[in-house]
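The structure appears right after this line, and notes come after that.
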Amino acid sequence: MASERYNARVAEAHWQGKWEQAALFETPLKVDSSKPKYYVLEMFPYPSGRIHIGHVRNYTMGDVIARYKRAKGFQVLHPMGWDAFGMPAENAAMQNNTHPKGWTYENIDAMRRQLKLMGLSLDWKREFATCDATYYEHQQKLFLDFLNAGLAYRKESRVNWDPVDQTVLANEQVIDGCGWRSGAPVEQRDLVQWFFKISDFSEELLDAIGDLDRWPEKVRLMQKNWIGRSRGIEIPFELADDVSGFEAIDCYSTRPDTLHGASFIAISPDHPLSIALESENNILAEFNAQCRRTGTSEAVIEAGEKLGFNTGLSVKHPSEDRTLPVWIGNFVLMDYGTGAVFGCPAHDQRDLDFARKYGLDVRNAFHMPGEMGDVENEALVPPKTDKVIYQEHFAGVTEATSNDAIEETIAWFEQKGRGRSVTRYRLRDWGVSRQRYWGCPIPIIHCEDCGTVPVPETDLPVTLPDDVMLDTPGNPLDHHPTWRDVDCPKCGKPGRRETDTMDTFVDSSWYFLRFSQPDAEAPTDLEAANYWLPVDQYIGGIEHAILHLLYSRFYTRAMKITGHCDLKEPFAGLFTQGMVVHETYRDADGSWLSPIEVSVTESESGRKAHRIDNGAEVTIGGIEKMSKSKRNTVDPEDILETFGADTARWFVLSDSPPDRDVIWTEAGVEGSHRFVQRLWRLVNDVAARKAGDAAATAPNEGIAFVVLRQTHQTLARVDEMISELRFNSAVAQLHTLTNTLEQAQRKLNTDDMAGGAALRTSIMMLIQMFTPMMPHLAEECWKAMGENQMVSATAWPEADPELVREESISIPVQINGKKRGDLTIAVDEPKDAIEARVLELDFVQAALSGKAPKRVIVVPKRIVNVVV
RNA sequence: GCCCCCUUGGCGAAAUUGGUAUACGCAGCAGACUUAAAAUCUGUAGGUCGAAUAGACCGUGCCGGUUCAAGUCCGGCAGGGGGCACCA
């Protein structure tokens, strides 16, 4: 039968309508715990206005899992929402003279329409945006609960300040020390801001990483390093000089075993002593100011030049009769430890560089056994598990590992009452205040008499005012008197609203809980939350490996304490997908060209690119992350229009493993599209052939049997691969099976009833197997096979173990580790029998030339190696 | 600076986690069909030597090690990439 080409556009719209009509993907709001549940969630998008290819990849993966689990009999929750607060809306508002709210909701409408074109099996009934007052009012309630529970507090904190725009700048808005918009030199300012006490959970958040066994090892490691537990000691170094108000400098050290090598003290420019000295020493004050001008990020500080300033003061060594000079170092962070360290140049490269630069002593605390040489320009830093020889050690340690010596030193100081053992964490409290308009208002009123007063719960939500001036420098909420100026709820005197809004990471730290019952009158419905959570499979970009995921883990704990859920961890399974990247193209004048302006040809002489409009040769550049500036983006809607959603879905699942970057190529998409058409032809050809009753004519030999067997084997593998999110391998399996079925369709006579039945059965299973990946095509094929029910509503087929199992297999025979031939064996043939048969083989006999083999290794079902 | 990851044909990759390296796809080449093109189908394909679809040797970034056996494990090196607290 001459079948027509598959028309994706018509079919996709049709089936999307059918699914919606049947409410196939809506999950009842009433909890029904009779079925096993499965919660699959992709990180919700920021509504930038258009979906990009990364979204297509992310949501396709989640959709494959959602559809697969549904077919496997799970009650699936697969919701979608919008991470809708944030800076881009304010930037767009200023650039295009729009309102952040209107801009955001228009973007949401546009992106929802685009996402719907993809045919995702989402429960749109649960959709919400974080900028909906019906969402953020609950976030405000949570804030107040956290405040009550002592989990939120205020303190001073340093920010990047743009003096012209009168605004706080994100690190990425600081370019070469100047504001990105104003170009003015950025200042560091201390503002009183709101914080969440995530540091209270450092130990627990760290320890619980061990239970996250369905998280990528990489992410677990990043979180461990981020929390950064270190064991050390705090030792007071008594000042040898008189400074009023200061008797000693507390130094934190993880390496007290090197104390004998200490030759100076370095304090942070923000250390209280350092600040105290500023008033009497202008040069010192200028040095500190200089240090504060460099960025706040760790990378900048650590990679930058190490600068020091000699205060002229000195301290007494805590266990030896000598003094150490006190320096201010730009590399000492006030936020970490005590803001003061002792420098041991011999055993720390940074301290050594510092000492050489400023002419400070270099003294060994230990040396390696048998090597007495002095340290020159390379610090001696052996692994802490290696034994080293300590010199003149106060605690009597001589030869020991550093680990042991550290413990003994800490014990010695504690016993003498001259220091205390501490476990420190790198994790700092989470600053949530943002001096911006487009965010969730912090529900607090400041009163001169009563201090910070929570907005009464009955007054929630504190809604964002719409009528704000976005073009005036500073936070628009500060310039809105009727919103800002309110009476104190406690004493009734005039007060002021908190005009800071919350970090957008707060919005995304609990949205996954809200999805369990998006209409709940409280932040969560306990029954629904405890039933659906944790998220069984969470999927998103690696860029969220630390902050979003850690904040969500903190939030879950804080919400448990405040009675909003009963949950240990929010995400049981996590998958971090790679990016979609594309080749770049440059015109003769060096300007970037979009892929749609370029045609690429390939031949034996290599790849060449030309401009489509005038034929001029174009330089092919590197394969890079899609970005507007390099113009190497591909618009998903174009692809959906041209090829259809199934082609796009199939392509992003093919070839590259999902956690690695995938290269978008036009040829690859066309290849996927060809496969769609091939499947369609094959299904129609099989549908048109005569077939016997499948049960009555089940073959046990011949092509039909091979086809059935391979189908069941493929099913077993695809099942496993989808479960393990190895979509590229599942795709390869389906390709192989399709090749086999096509050949069988050609080879089998049209009146072969048994063969026809086997082919039919196989095709039906094949359709079900690719349904999660290409659901529209699958529906169309299912219908072509004469089925009335939708394939999306069918149960996943089960592989017949008898058909999956092979009776005989071919295994390689090696001589001295090199393959020299094969041997066909029964799948359960005993070892001795295999060995005996191998030794009979001609090429084995020849290699042995009459001698007995030295060794014969038989690995059942795998390999035989004869060592001669 | 610190921490982490990656490296397999022309390209994306696979390899049951120590057991036949290159499955599957893309691009290529040769052929069939066609007046022609498109579409479709068939064949071919790591490298070197070789007439060979005979056979041999080499081969998973580089150097070395462990093992009967290494893409996989260990040590060292090189190249590429990512993260480092107000982008989301």
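Just so you know, these numbers come straight off a predicted model, no measurement behind them.
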Of the residues in residues 855-868 of chain A, which ones touch RNA chain B at a heavy-atom distance under 4.0 Å?
R855(A), I857(A), V859(A), R862(A), I863(A), N865(A), V867(A)
Among residues at least two apart in sequence or on other chains, which ones pass salt bridge (Lys or Arg N to Asp or Glu O under 4.0 Å) with E217(A)?
R220(A)
Would you mind classifying the nucleic acid contact of S433(A) as base, sugar-phosphate or nothing, using non-hydrogen atoms under 4.0 angstrom?
base
Mark yes or no for whether R426(A), through its side chain, and W226(A), through its backbone, hold a donor-acceptor pair below 3.5 Å.
yes
Between protein and nucleotides 3-6 of chain B, what N or O pairs are separated by less than 3.5 Å?
from, atom 1, to, atom 2, distance (Å)
rC3(B), O2', N225(A), ND2, 2.6

Just call it for Q193(A): base, sugar-phosphate, or nothing, with non-hydrogen atoms closer than 4.0 Å on any strand.
base
I'd like to know if the side chain of W680(A) and the backbone of F675(A) have a donor-acceptor N/O pair within less than 3.5 Å.
no
Gap in Å between the two P atoms, one belonging to rU72(B) and one to rC63(B), rounded:
13 Å
Sort by first number and list every stem of RNA chain B: at least 3 consecutive Watson-Crick or G-U wobble pairs, both distances under 3.5 Å.
B:1-7 with B:78-84, B:10-12 with B:24-26, B:28-32 with B:40-44, B:46-49 with B:55-58, B:61-65 with B:73-77
Donor-acceptor under 3.5 Å (D507(A) side chain, T130(A) main chain):
no
C1'-based separation of rA23(B) from rA15(B) [nearest Å]
8 Å
In terms of side-chain geometry, is the basic nitrogen of R57(A) or E42(A) positioned less than 4.0 Å from the acidic oxygen of its partner?
no
Measuring only the P atom in each nucleotide, how far is rU60(B) from rG64(B)? A whole number of Å is fine.
12 Å
Run the salt bridge (Lys or Arg N to Asp or Glu O under 4.0 Å) test against D822(A) and tell me which residues pass, sequence neighbours left out.
K819(A)
Ring centres under 6.0 Å, that's the criterion: do Y538(A) and F575(A) meet it?
no
List for me each residue that meets side-chain contact (heavy atoms from CB on, under 4.5 Å) alongside N816(A), sequence neighbours excluded, and say none if there are none.
V867(A), V868(A)
Would you tabulate the pairs of protein nitrogen or oxygen atoms and nucleotide nitrogen or oxygen atoms of nucleotides 41-43 of chain B closer than 3.5 angstrom?
from, atom 1, to, atom 2, distance (Å)
rU42(B), OP1, R746(A), NH1, 3.1

Scan the side chains in residues 730-740 of chain A for donor-acceptor partners under 3.5 Å anywhere in the protein, sequence neighbours excluded, and list what turns up.
from, atom 1, to, atom 2, distance (Å)
Q733(A), OE1, R717(A), NH1, 3.2
T736(A), OG1, A732(A), O, 2.8
T738(A), OG1, L734(A), O, 2.6
N739(A), OD1, R678(A), NH2, 2.5
T740(A), OG1, Q710(A), OE1, 2.9
T740(A), OG1, Q710(A), NE2, 3.0
T740(A), OG1, T736(A), O, 3.2

Do any N or O atoms from the side chain of S199(A) and from the backbone of D429(A) form a donor-acceptor pair under 3.5 angstrom?
no
From D503(A), D500(A), N475(A), T501(A), residue fulfilling side-chain hydrogen bond (donor to acceptor under 3.5 Å, both in side chains) relative to R434(A):
D503(A)
Nearest-Å distance, CG (L679(A)) to P (rG25(B))?
12 Å
Side-chain contact, heavy-atom cut-off 4.5 Å: F843(A) with V813(A)?
yes
Separation of rC24(B) C1' from F651(A) CZ (nearest whole Å)
15 Å
Using a heavy-atom cut-off of 4.0 Å across all strands, would you classify Q814(A) as base, sugar-phosphate, or nothing?
base
Look at all strands and tell whether F505(A) reaches a base, only sugar-phosphate, or nothing, counting heavy atoms closer than 4.0 Å.
base
Measuring only the C1' atom in each nucleotide, how far is rG18(B) from rG71(B)? A whole number of Å is fine.
11 Å
Looking for any heavy atom pair under 4.0 Å, which part of the strands does T736(A) touch: base, sugar-phosphate only, or nothing?
sugar-phosphate
Rounded distance (Å) that lies between atom P of rA13(B) and atom CG of D661(A):
9 Å
So what does W226(A) hit on the nucleic acid, given a heavy-atom distance under 4.0 Å: a base, only sugar-phosphate, or nothing?
base
ring-ring contact (aromatic ring centres under 6.0 Å, His included) with W430(A): which residues, sequence neighbours excluded?
F196(A), Y551(A)
Scan P45(A) against the nucleic acid and name what it touches under 4.0 Å (heavy atoms): base, sugar-phosphate only, or nothing.
nothing
Once you apply a heavy-atom cut-off of 4.0 Å, does T665(A) come out as touching a base, just sugar-phosphate, or nothing?
nothing
Has the side chain of H55(A) got a donor or acceptor atom that lies under 3.5 Å from a matching backbone atom of H52(A)?
yes
Identify whether the glycosidic angle of rG81(B) places it syn (within 90° of 0) or anti.
anti
Can you pull every protein N or O that's under 3.5 Å from an N or O on nucleotides 55-61 of chain B?
from, atom 1, to, atom 2, distance (Å)
rC58(B), OP2, K818(A), NZ, 2.9

Return no unless some side-chain N or O of R726(A) is found under 4.0 Å from OP1 or OP2 of rA13(B).
no
How would you label the contact of R220(A) with the nucleic acid (heavy atoms, under 4.0 Å): base, sugar-phosphate, or nothing?
nothing
Quick one: list whatever passes salt bridge (Lys or Arg N to Asp or Glu O under 4.0 Å) with K854(A), sequence neighbours left out.
none
Under 3.5 Å: donor-acceptor pair, side chain of N865(A), backbone of I857(A):
no
Under 4.0 Å between any heavy atoms, over every strand shown, what does H548(A) touch: base, sugar-phosphate, or nothing? Just pick one.
nothing
Base orientation of rU67(B), syn vs anti, 90° cut from 0:
anti
Check the pair F331(A), F354(A) against ring pair (Phe, Tyr, Trp, His ring centres under 6.0 Å), reporting the backbone distance first and the verdict last.
CA-CA 10 Å; F331(A) 54 90; F354(A) 191 80; 5.2 Å; yes
Distance, rounded to the nearest Å, where M502(A) contributes CE and rC86(B) contributes P:
17 Å
Please check the phosphate of rA14(B) (OP1 and OP2 only) for any side-chain N or O of N728(A) closer than 4.0 Å.
yes
Which residues satisfy the salt bridge (Lys or Arg N to Asp or Glu O under 4.0 Å) test with R424(A), sequence neighbours excluded?
E234(A)
Once you apply a heavy-atom cut-off of 4.0 Å, does L427(A) come out as touching a base, just sugar-phosphate, or nothing?
base
